[in-house]
Every structure is written in C-alpha cells, then in structure tokens.
There are 2 protein chains.
Amino acid sequence: MLSYTEENYLKSIYHLSEGGTKAVLTNEIAASLNTKAATVTDMIKKLSSKELIEYEKYYGVNITKKGKQLALSIVRKHRLWETFLVQKLNFQWDQVHEVAEQLEHIHSSLLIEKLDEFLGHPTADPHGHPIPDKNGRIKQEKQVVLKDALINKTLYVCAVRNGSPSFLQYLSKIGVQIGAKVLVTERIEFDGSLEVSIKDNNPQLISREAAENILVKE
Amino acid sequence: MLSYTEENYLKSIYHLSEGGTKAVLTNEIAASLNTKAATVTDMIKKLSSKELIEYEKYYGVNITKKGKQLALSIVRKHRLWETFLVQKLNFQWDQVHEVAEQLEHIHSSLLIEKLDEFLGHPTADPHGHPIPDKNGRIKQEKQVVLKDALINKTLYVCAVRNGSPSFLQYLSKIGVQIGAKVLVTERIEFDGSLEVSIKDNNPQLISREAAENILVKE
DNA sequence: ATAAAAGTTTAGATTAGTCTAAAAAATAAT
DNA sequence: ATTATTTTTTAGACTAATCTAAACTTTTAT
C-alpha cells in the first residue's frame, strides 16, 4: 500500500506524462508538487524500486503499466469525490479540488464502489474530466476530425494524427496545442479549408490537410 | 492544525477520560492505540505543549477545555461519516468503523457542515452514539435515577451521584460500573428497595439509598 | 569545441513518529 | 519498612519525507 506522499508523486507523474510521449523530468515534478528537485530524486528511486515508474538518471521517468493502473485508481477516486461534493453536497466547482485532494487518499475499495453506485456511475466529473472505471478504463470521448466539425460549436483539441516536426511546428505557430479551445466559423467549399478561431482569437484560415490531422472533442 | 497522529491520540485520551474522573494513564493510551508507553510519553509532551491536555509526570493526563473541543470535533466527524456510510451508501454497521477512522481526519469545515445538512442534522450515529453539534455540544440523553426507573426495562448505568469511596466500593462489589446493563425486576413498597438484575445476573436487592445515587439511561 | 548555464544527483542534516533497553518512580508485598 | 513488582520516563536508534549546499551531467552559447 502506498503512502499519502507516494500516491501524490505517482499521480503527478501520471498527469505530467498524459498526452506527451517524452519522459517526465525531475524539475517538472518538483514544480508541480511545490517541492525541491533533490526530494523528487529520492522519491523517484523509491517508486522505481516498486516498479511503478522506470527511471534513468538525468533522463527522467516513464510510468509503468502497474504505476498507471494505480494512478488511475487515484484519479478515479478524486473525480468521484468531486462529483459527490458538487452533486450531493452542493459545493461550487471551485471549492472541490482541495477537499478531493484529501479524500482521494482514503483507502477502501468498498467505499469507492458504493460511492460510484450512489452517484449512478458517472463518466465525467464536474469539470468534464472523464472518470476511469474500476478497471482503470477511461470512456473514450468521441473524437472528431476537425475537418468534419460542426460550424460554431465550441470544441477542444485532444490529439493530432500526424506527429511530424513540420506539422507540429505549424500547429505551435497558429496556437494549436492539446486542450486548446477551437471554433470553426466557416467552411470554404472550394478547397475544404476552414476558418477557425483558436483560443477565442480572431478567426484564421487553415488548410483542409491540416484540418484532417487535428482531432477535437466537446 | 493537528497531524493525523496527534488527532488520534487526542481522541483516544478523550474517550478514555469520558465518564471517569481520574487522570488517563500512559499505559491505557498505549493499549488503546496499540503502541508503546515510551511513544505515548513523547506524544503526551507534545499535546501538553499545545495545551490540549494537562500532564503531570507519573500521574497521567487530563484533557483541557480546548483539547476537549477539538476531540469533540473529531468525534463529530467520525459519527457523521458513519451515519453517511450506513444511511446513504448502504454499509452494514460493522463495516463502517475502519473507513470512518480515515474520514474523520479530513480537514474541511465546509465539508462537514454540508455533510451534516445533507444527512438532516442527525443527533445519533448508527450505533446510537450521540453526534456532537458544530459547537461540540452533545444532546444530553435523558438520565433517570434508578429509583424511578420503570420495571423490567433494560437500562444502562451512566453516572453515579455520590463518589464516596464506600459507595463506589459497594457498587464494585455488586457489579455496577459505568455502562453496565441493569433491569429493575421489582420495587419493594415497604422500604423503597429494589430487586435488580445487573449484567443479566440473578436479581439482588439494593437499598433505596443506593438506588437514589445511580443514574441510568436507555 | 570549449566554456557557461541549467538541470540533476549526492551528501549530510532535520523533524515526526516510532521502537528497545535501561533508569527512575510509584505501588504492592512480605 | 524494606524489598519486589509494576509503571513510566529517558536515552539512543531507526525510517520516511523533507531541506540546503556541493558535486556532477547535460545542454546551450559563443
């Protein structure tokens, strides 16, 4: 069984590794947990010896399958508790995080399964984040290729199909990153290009080819 | 703010001091927390320096007003959570204690007030133990002088009016202690003495004078 | 390509909570 | 009332989590 502190490090590493494919760096973890790099190095060794992460000196860490499962169970608890606080106890969405940070460390699988049932097996928390099921599976949001997105519907970038440097550089340039808000304002029939507002900025044109390689969700 | 461990020591001292008037001894605390006397001595000094208990070497500890308020707030949380687990999540009464031992240490006054409201401000937990209100006040069970108790009604000793050694020695002899089950089987009109079964033992006579000094509740 | 800067790890200390063993005090027994 | 027993405290050590400062790698810049 992990300690409160070990759970927090594992969760942090999980979140930092989400989306990205690169190893998570010591300083990133230190920053996210408001602690010092030296402290992180010690904890990294500990989690590594428990085979929850893979660690190579100076190069950062990657989470293992076992570590990911554990991290997901903590995320599940956090999001179920947030849902409980908002839906049953009438908390405001901005009041729940701190309390859920504590509640997520309660150890009782019976409790969490009964809570899940009490809440009607929700699949997303009040912030819209997906709640992993008891096996750690996250209900995949239906992703849509930006090219096929409805006009004037607020959407969020969740993935790219093409990982080539040139494409990624282009995306950075126009402000597209994972999680960015996008709105298709017009579809040009002639060449399939789109007029898109990114992060509420002025609409700009992007090519059909680019729009075929960006995935969005609600 | 107290640590998880400090809270557990304080709660234990509170429970051990309940009912009794004597100081709580080091070994009693050690036994109730499954720890060693030496460890208890250290923690006693710490709680004493925070003015939550009064400590005199070799003589044991007494809880202060401030300590009692804090202990009551932990008891309140424990019992509200137990009530939640049974009433809302359908736990069996024997499944709740361990989980409530964890939940009682969550720090959030907003959470506990909203939970209290959600549960309809209950005054007793599933075991029948009273739930202190937010000011630490416990709804006083109606106590009855044993002399006036109904015949053949199961009752429990909750206090004595007279603390003299001779009376207490007498009570010990006949098996009466705080919490003991008692049943008045007959009231002798002639001298006001009672025939009483204590802890399901054979009924025995006790004097009117004794019966006037024993308090019972349901 | 070498020097400077940035990031990471090691070394050594600190605090909270715990333990065992020995010393000290209180209680019980002869 | 002196000795024996029990209880409590002190002393010293250990683990987990943390820190600062120094040493070591890697990356960046000239």
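Below, all heavy atoms of this structure are taken into account, side chains as well, without hydrogens, waters or symmetry copies. In the text below, chain A, chain B and the rest are named by the order of the sequence lines, each starting its count at 1.
Taken from CG in B/Leu85 to OG in A/Ser108, the straight-line distance is 8.0 Å, to the nearest 0.5 Å.
Within a heavy-atom distance below 4.0 Å of DNA chain D, the residues of residues 31-39 of chain A found are A/Thr35, A/Lys36, A/Ala38, A/Thr39.
Look at OH on A/Tyr59: it is 15 Å from C1' on C/dA6, rounded to the nearest Å. At whole-Å resolution of the value, CD1 in B/Ile29 and C1' in D/dT8 are 12 Å apart. Taking atom CG of residue B/Leu2 and atom C1' of nucleotide C/dA16, one finds them 14 Å apart after rounding to whole Å. Rounding to whole angstrom units, NZ of residue B/Lys57 and C1' of D/dT8 are separated by 10 Å. Distance, A/Met1 CE to D/dA16 P: 16 Å, rounded to whole Å.
Taking 4.0 angstrom as the limit, A/Ser3 places none of its side-chain polar atoms (N or O) nearer than this to OP1 or OP2 of D/dA16. OP1 or OP2 of D/dT9 sits under 4.0 Å from a side-chain N or O of B/Tyr55. Dashed line: the shortest gap from a side-chain N or O of A/Asn27 to OP1 or OP2 of C/dA6 is not under 4.0 Å.
Of the candidates D/dT9, D/dT18, D/dC24, the closest approach to any side-chain atom of A/Asp42 belongs to D/dT18. Of the candidates C/dT8, C/dA25, D/dT18, C/dA25 carries the atom nearest the B/Tyr58 side chain, counting heavy atoms from C-beta on. Nearest nucleotide to the A/Lys45 side chain, out of D/dT9, C/dT10, D/dT18: C/dT10. Comparing D/dT18, D/dT10, C/dT8 by their closest approach to the side chain of B/Thr41 singles out D/dT10.
For the residue pair A/His78 / A/Glu82, a side-chain donor-acceptor distance below 3.5 Å is found, with atom types taken as modelled. With no hydrogens or angles considered, a side-chain donor-acceptor pair links A/Ser32 and A/Ser12 at under 3.5 Å.
Nearest-nucleotide positions on DNA chain D place B/Thr26 closer to the 5' end than the other of A/Tyr4 and B/Thr26.
Every residue two or more places apart in sequence or in another chain that forms a ring-ring contact (aromatic ring centres under 6.0 Å, His included) with A/Tyr4 is listed here: A/His105. Taking A/Phe84 as the reference, A/Trp81, B/Phe84 meet the ring-ring contact (aromatic ring centres under 6.0 Å, His included) condition, with sequence neighbours excluded.
Taking the centre and axis of the six-membered ring of A/Phe118, the NZ or CZ atom of A/Lys88 falls inside the cone set by 45° and 6.0 Å. Geometrically, B/Lys114 engages A/Phe91 in a cation-pi contact defined by less than 6.0 Å to the ring centre and at most 45° from the axis.
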